[in-house]
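This report refers to the structure that appears directly beneath it.
Note that the numbering runs from 1 along the sequence shown for the chain. Just so you know, these numbers come straight off a predicted model, no measurement behind them.
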Amino acid sequence: MLTLTQTAAEAVKQIVARVPQAEDGGVRIRDTGGETGFELSVAPDPAPHDTIVVTDGARVFLDEGAAVALEDRVLDAELSQDGSVRFALAAQG
């Protein structure tokens, strides 16, 4: 299952906190298929078939395709001084 680094968990919490209607929500990752990769969005709740990953209060919702594709990955983040976030995926282990 996808895991999050501490930095990624903090980034997810910061992003979700910026969206008042998603206060208890999370970041949803959707597999867009092919070469286009993944789409990230803030969601108030997971979709019915989403896998939920929780790390230190940060919630990430994975659609079925993303859950399979990211099964052995680690989500990391880089936080910039201007508040922007850059996510990266790496292999576990």
Side-chain angles (χ1 to χ4, degrees):
M1 181 182 301
L2 177 74
T3 59
L4 279 68
T5 65
Q6 288 300 121
T7 306
E10 282 303 314
V12 167
K13 289 189 279 191
Q14 287 180 21
I15 290 168
V16 172
R18 296 178 191 166
V19 183
Q21 62 270 29
E23 183 177 308
D24 296 321
V27 168
R28 185 163 194 266
I29 301 176
R30 185 177 74 86
D31 185 357
T32 58
E35 296 180 20
T36 56
F38 301 97
E39 174 185 274
L40 277 69
S41 60
V42 175
D45 297 297
H49 298 287
D50 283 356
T51 297
I52 302 168
V53 177
V54 180
T55 302
D56 291 334
R59 298 183 349 141
V60 175
F61 312 137
L62 304 169
D63 79 354
E64 293 179 81
V68 171
L70 302 176
E71 177 178 64
D72 60 349
R73 302 291 179 173
V74 176
L75 182 66
D76 195 7
E78 181 179 299
L79 304 170
S80 298
Q81 295 293 338
D82 66 0
S84 63
V85 178
R86 184 176 188 183
F87 286 104
L89 291 167
Q92 289 181 9

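Under the side-chain hydrogen bond (donor to acceptor under 3.5 Å, both in side chains) criterion, Asp56 pairs with Gln6, not counting sequence neighbours.
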Discussion item. Could you walk me through whether Thr3 and Thr55 satisfy the side-chain contact (heavy atoms from CB on, under 4.5 Å) test, starting with their C-alpha distance in whole Å, then the side-chain angles of each, then the deciding distance to 0.1 Å, before giving a yes or no?
Written reply: CA-CA 8 Å; Thr3 59; Thr55 302; over 6 Å; no
Practice prompt. Please test Arg28 against Leu62 for side-chain contact (heavy atoms from CB on, under 4.5 Å), starting from the C-alpha separation and ending with a verdict.
Written response: CA-CA 6 Å; Arg28 185 163 194 266; Leu62 304 169; over 6 Å; no
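Using a 4.5 Å heavy-atom threshold, the side chains of Leu4 and Phe87 count as separate. Side chains of Leu79 and Thr7 form a contact here, defined as non-hydrogen atoms less than 4.5 Å apart. The closest side-chain heavy-atom distance from Leu89 to Leu2 is below 4.5 Å. Proximity of Asp31 to Asp63: side-chain heavy atoms (C-beta onward) are separated by under 4.5 Å at one or more points. Asp45 places none of its side-chain heavy atoms less than 4.5 Å from the side chain of Phe61. Considering only heavy atoms from C-beta on, Pro44 stays 4.5 Å or farther from Glu23 through its side chain.
Linking Ile, Leu, Val, Met, Phe, Trp and Tyr whenever their side-chain heavy atoms come within less than 4.5 Å leaves Val74 and Met1 in two separate clusters. A continuous path of ILVMFWY side-chain contacts below 4.5 Å connects Val19 to Leu40, so both sit in one hydrophobic cluster.
Of all the heavy atoms in Val85 and Ala11, the pair that sits closest is CG1-CB, 3.7 Å. Nearest heavy-atom pair, Ala9 versus Ala58, reported as atom, atom and distance to 0.1 Å: O-CB, 3.3 Å.
The existence of a salt bridge linking Glu78 and Arg86 is excluded, since no basic side-chain nitrogen approaches an acidic carboxylate oxygen closer than 4.0 Å.
The OG1 atom of Thr5 lies 10.0 Å from the CD atom of Glu10; values are rounded to the nearest 0.5 Å.
Atom CD of Gln92 is surrounded by more than 12 heavy atoms from other residues, nucleotides or ligands within 6.0 Å.
Listed for the Arg59 side chain is no donor-acceptor partner under 3.5 Å among the backbone atoms of Val12.
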